[in-house]
Structures are given as C-alpha cells and as structure tokens.
Protein chains: 2
Amino acid sequence: MATYRILENPDLESALKTIKEGLMRNHLLIIIGECYIDYEGRSASKLGLGERIVIIKQDGAVLVHRPKGYSPVNWQPSTTTIEVWLRSGEGLSLLAVRNRPREYLRILFTKIFTIIEGVFHDSAEFVMYLSESEIRDIIFENPDLLEPGFKPLEKEKRIGQGAVDIYGLDSNNNHVLVEIKRVMGDREAVLQLYNYVENYKNGVENNVRGILLAPSFTPGALELLAKLKLEFKEIDLRKLRLLSQSSKKKPNSTLFEYMNEKGRD
Amino acid sequence: MATYRILENPDLESALKTIKEGLMRNHLLIIIGECYIDYEGRSASKLGLGERIVIIKQDGAVLVHRPKGYSPVNWQPSTTTIEVWLRSGEGLSLLAVRNRPREYLRILFTKIFTIIEGVFHDSAEFVMYLSESEIRDIIFENPDLLEPGFKPLEKEKRIGQGAVDIYGLDSNNNHVLVEIKRVMGDREAVLQLYNYVENYKNGVENNVRGILLAPSFTPGALELLAKLKLEFKEIDLRKLRLLSQSSKKKPNSTLFEYMNEKGRD
DNA sequence: ATCTCTATTTCGGGA
DNA sequence: TCCCGAAGTAGAGAT
C-alpha cells in the first residue's frame, strides 16, 4: 500500500528537506513549481521560467512536464546521481547527472507549490499483443499467409550485420527473405530489405526474392520497391489477431474484454 | 499564477466530480491511485492492478506512469474525447479515445489516493542547440569543414521522395551529396545516402560523390560505405558548437552559463 | 560494452 | 492532409 505525504506551499527549506529524504530513500517525488531548466549533454537546451511538473521516479528517472503535450520537455533516464541544494535568494537547485552518455540536467525552482513524496507499489505484469515478433511467429506458423507453397526455414536469420525476419524457400526453391512491418511500410523499410537481399545475393545465390510484409505502404515505398525489384504483400492485422487468439491459450479475461461484454452503461 | 486544488483520499463520487470539472475546463489533472489499464489501437496491451500516476494534460494528452522508468506504461497523445464515470462496486472508469489512429485507453481506478486539479501556466520559449539542421547550416556557411574547395549550392535539395542535407560541387566540379548525422552514423544513414546518390545519378550525372558526415561511425556503417563506394568524414561537434556560438549573436545568459560561472558552492 | 532494430514511437516540416 | 525523416529518441536483444 502506498505510503506518502503531501507538502503544500512549503518554504524552500522544508522542500529541500523533503526532497533530500525522498532521494535518499529512493522514493517517488512529484514536485510542482515554477522553474528554469538547462540541459547539456548529447545536445543542449534551455527553458525559461514556467510552471511545471517534475517527477523523480523510484529508480532515479527524472521527467519534466509542461502543462501540455505528450513528451517531457526535459528528462533524464534512470540517473546515477541527483543532488539538490539551496541557492540563497534564488531558489532550490536540482542537478541530475547521467554518466553514459555524460549529461547534465539542471532545474532551478523559484517557487514550489506542492511536493508529493513516498513509496508506490506496482508489480503487475504488462502484456503487449501483436508486436512485430508476434506477427513474425504467426507468419512462420502459417506460411500460406505469405504465399501458397512457401516453406519458412529460419526466423531472425543473420545476414551481414542485421537479421531478416523470416528466411525460407518458395515453391520453386527460390530463396525468400521476408521483412515484416507492423505499421505502414515506408522507404526506410524497403531500404532495409534491399540491404538484406543484396547482402545475401553476394554471399550465396542469385535467385533471391525480397518481400516486404506490411498492413499498408507509402507511395514512396511502392515506387522504391518497383525500382529495386522487390516484392510486397499486404497483411491483415485483424486476421492475424484472430489467428493468434485461436492458436494460443486464451489469456485471462481482461478488463477490456469485460468492458466490451458489458458495455459502458 | 497556478490555480489548483488537492483532494486527499477522496471517495469515488468526489473524485468523479473533480475529474469531470477538470476535464470540462481543460485543466491539468494528476490522479494517483490504484488501477487496471487496457489499451487497444495500433497494438493492444493490458496491465494488472498497481499504484500509478495518471496525468491528464491541458491539451488532453494522457500519461500513465509506473513508479519506475522513463517511459509511460500507457498513454494517449492529445486526445479528442475523455470520458469518466462510476462503475458501481468496481471503481472509477476513465476512457480516452483518439481518432486518427483510432485508439482506446481505458483506466479503471479501484482506489484514488490523491487528485490535483487546476491550471498551470508555462509560455516560456524552449531553445535547443546543435540540432541536425543547425549543423547543416554551419557546414553550409563553413564549407571547408567538409573539404577544401567545396562549394555548397543547396540545402535540403529534393531528390526523389527525400531531401539530401547539402548539395554542392567539389573543386573538380563533381556533384557532391552530403548526408549529415548528429549522432553516430549507422547502416541506415549509409542506406539513406546511397539512395540519394543512386537516384541523383539516374536522373542526371555520373560524377556524383556521396559523403556521410557524422561524429563517429558504426563498423557496419564503415563496411557498407566501402561496399557502396561512398565517402565519410568525421565532424567535431565541440568545434561546431564554438563556431555556432561565435557566428551568431549570443543568446541571453542562461541559468546554465550562470551556474557554470559561479560553480555550485 | 557495443551494435542493431523496434516502438501504440512522437513530433515537425514540406508537398 | 499525407509522407518523410529527426529525436538529447528509449529500450530490448544479440554478439
């Protein structure tokens, strides 16, 4: 059960004390206040005064969120050291340093509105469906989805420095390299496939086909596929999801299914 | 100035009322509580019961954070509709729907520990230094950094569907296509350059050089560069940063510079 | 430790 | 609007 405390409108000394305690104990900290931010590392940035939410997670990750938008404006992934101190007459200073790559995130709070400090528990399992690797496995088990007579031989076959998703033989014993995309296939995906095919041709054979598998394709991708004499095939994610559900044991009933069954009302 | 309120240990009815008001007024909401989460859209996921921080931003973006890690476990970028209602005997249900792509995020709170609801202001300008486009501009202005006698002619020159960073002529009037990476150059960057060069050759000339500019290169990239007869050159980001600082008017003194000058103590 | 590739990538810019 | 490529991408998996 969560154990935490809330400080409202703390003076900076109390804020400092609370934040220091939280950091020492690897607690979660949510600091809401007015601050400046500077970052220097792989790049560098600065951000003027504004009201923000700063979250320091229990593993030391730091997030700075503005009132809008999905992305944090500044951040630090799980950091080795976070220090905090008072700068008399200016505010409360927080420095988060990451070692590899060496990066510095500095926050200067001029006002702190609220601090939440404590321990939160969350050990639930996170399950994600229909990742690319899952699609690859379904195609491997159901090779006719690619084309009749296709014989898949290897998943993640190393070719050069990379690995093609599926390698196999077609009904005429041509070598087939299959690159799979879970989202719309773009030029980048085509270039990836091209690289595998050229690499494989150089190494071994000449009768090599490259097939890009995706739910849809950008015009640029289709043009490039034609130019590079590569093939493509659309996959129907809905169909794959059904196959996936029928082939493996049903997961425990989810809230989502539950809600779907019951509806909202 | 921020205007907000904090509810501690609200019953679900009060929580519902506060969240509804916050949503109606496009306020920021931070909801800390115990919840289940299901997502369905481009992919699908489920997450069992655990203690989490849910942030609903003033533009409708939704973030669900676990106690650890940089990334939100579930989220919804700025959403069209968020609904919330009570499910008697079960908890408080929140549904965030995005239209393109169509995605559903459902959160069922079984307990709500704390809610923060209010308006926060942040109109400060965010400035980022040494983005790729900035590097491109510096090279364009200082072409000798690439090689003596290089004459840059065009930035972001369209070639096929993409655009090469810099196009120009070398001292022998060869066409030169320059692809710039701010981070370590990898195989993908080489393929990108290769694609531009081939496309340009087909279209026009034969004496076309392709040069990849990056602070460093992966072994795979170097191998591929050799194979495809493309060139590369290392750039020194520190040197570029100095050039950039001296060539353009100094930005206002930043907290970062200030701290550097003064030190921490 | 390094390299490669995925991601519910998100985001911004240009056609 | 779609498409393309950057990002302080982060994170996982393989070598």
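Quick caveat: nothing in here was measured; it's all calculated off a predicted structure. Chain letters run A, B, ... following the sequence lines, proteins first and then strands; every chain starts at 1. Reckoned from all heavy atoms, side chains included, excluding hydrogens, waters and symmetry mates.
A heavy-atom distance below 4.0 Å to DNA chain D is reached by none of the residues of residues 226-238 of chain B.
Atom CG of Leu222(B) and atom C1' of dT2(C) are 14 Å apart (whole Å). As rounded to whole Å, 14 Å separates atom C1' of dT4(C) from atom CD1 of Ile159(A). Per the geometry, NZ belonging to Lys181(A) stands 13 Å off P belonging to dT8(C), to the nearest Å. Atoms CZ (Phe126(B)) and P (dG8(D)) sit 7 Å apart, rounded to a whole Å. Straight-line distance from the CG atom of Leu105(A) to the P atom of dG8(D): 13 Å, rounded to whole Å.
For Ser131(B), the side-chain hydrogen bond (donor to acceptor under 3.5 Å, both in side chains) test picks out Ser133(B), with sequence neighbours left out. Judged as a side-chain hydrogen bond (donor to acceptor under 3.5 Å, both in side chains), and not counting sequence neighbours, Asn26(B) has no contacts. For Asp236(A), the side-chain hydrogen bond (donor to acceptor under 3.5 Å, both in side chains) criterion is met by no residue, not counting sequence neighbours. Evaluation of the side-chain hydrogen bond (donor to acceptor under 3.5 Å, both in side chains) rule for Arg158(A) yields no partner, not counting sequence neighbours. Remark: Tyr194(A) pairs with no residue by the ring-ring contact (aromatic ring centres under 6.0 Å, His included) rule, at least two apart or across chains.
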Output side-chain donor-acceptor pairs under 3.5 Å for residues 136-143 of chain B, partner residues at least two apart or in another chain, one line each.
unit_1	atom_1	unit_2	atom_2	d
Arg136(B)	NH1	Glu156(B)	OE2	3.0
Asp137(B)	OD1	Lys155(B)	NZ	3.1
Asn142(B)	ND2	Ile138(B)	O	2.8

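At the heavy-atom level, Val73(B) lies under 4.0 Å from base atoms of the strands shown. As judged by a 4.0 angstrom heavy-atom cut-off over every strand, Gly162(A) is placed among residues touching the sugar-phosphate backbone only. Within the nucleic acid shown, Glu188(A) has no heavy atom closer than 4.0 Å to any nucleic acid atom. The residue Ser133(B) sits apart from the nucleic acid: no heavy atom pair falls under 4.0 Å.
Each of Ile107(B), Leu47(B), Leu49(B) was scored for a side chain to side chain contact (heavy atoms under 4.5 Å, CB included) with Tyr36(B), with one residue passing: Leu49(B).
Residue Arg42(B) places at least one side-chain N or O closer than 4.0 Å to OP1 or OP2 of dT10(C).
More than 12 heavy atoms of other residues, nucleotides or ligands lie within 6.0 Å of NZ in Lys227(B), so this atom counts as buried by the packing criterion.
Residue-to-nucleotide proximity on DNA chain D shows that, of Arg158(B) and Asn74(A), the 5′-proximal contact is made by Arg158(B).
When the nucleotides dT10(C), dA1(C), dG8(D) are ranked by their closest atom to the side chain of Met128(B), dG8(D) comes out on top.
Interface remark: the Glu156(B) side chain does not form any donor-acceptor pair with the dG14(C) base, using a distance-only criterion of under 3.5 Å.
The salt bridge (charged side-chain N to carboxylate O under 4.0 Å, His left out) pairs that include a residue from residues 48-66 of chain A are Arg52(A)-Asp122(B), Arg66(A)-Asp122(B), where partners are two or more places apart or lie in different chains.
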Would you tabulate the pairs of protein nitrogen or oxygen atoms and nucleotide nitrogen or oxygen atoms of nucleotides 11-13 of chain C closer than 3.5 angstrom?
unit_1	atom_1	unit_2	atom_2	d
dC11(C)	OP1	Tyr70(A)	N	3.4

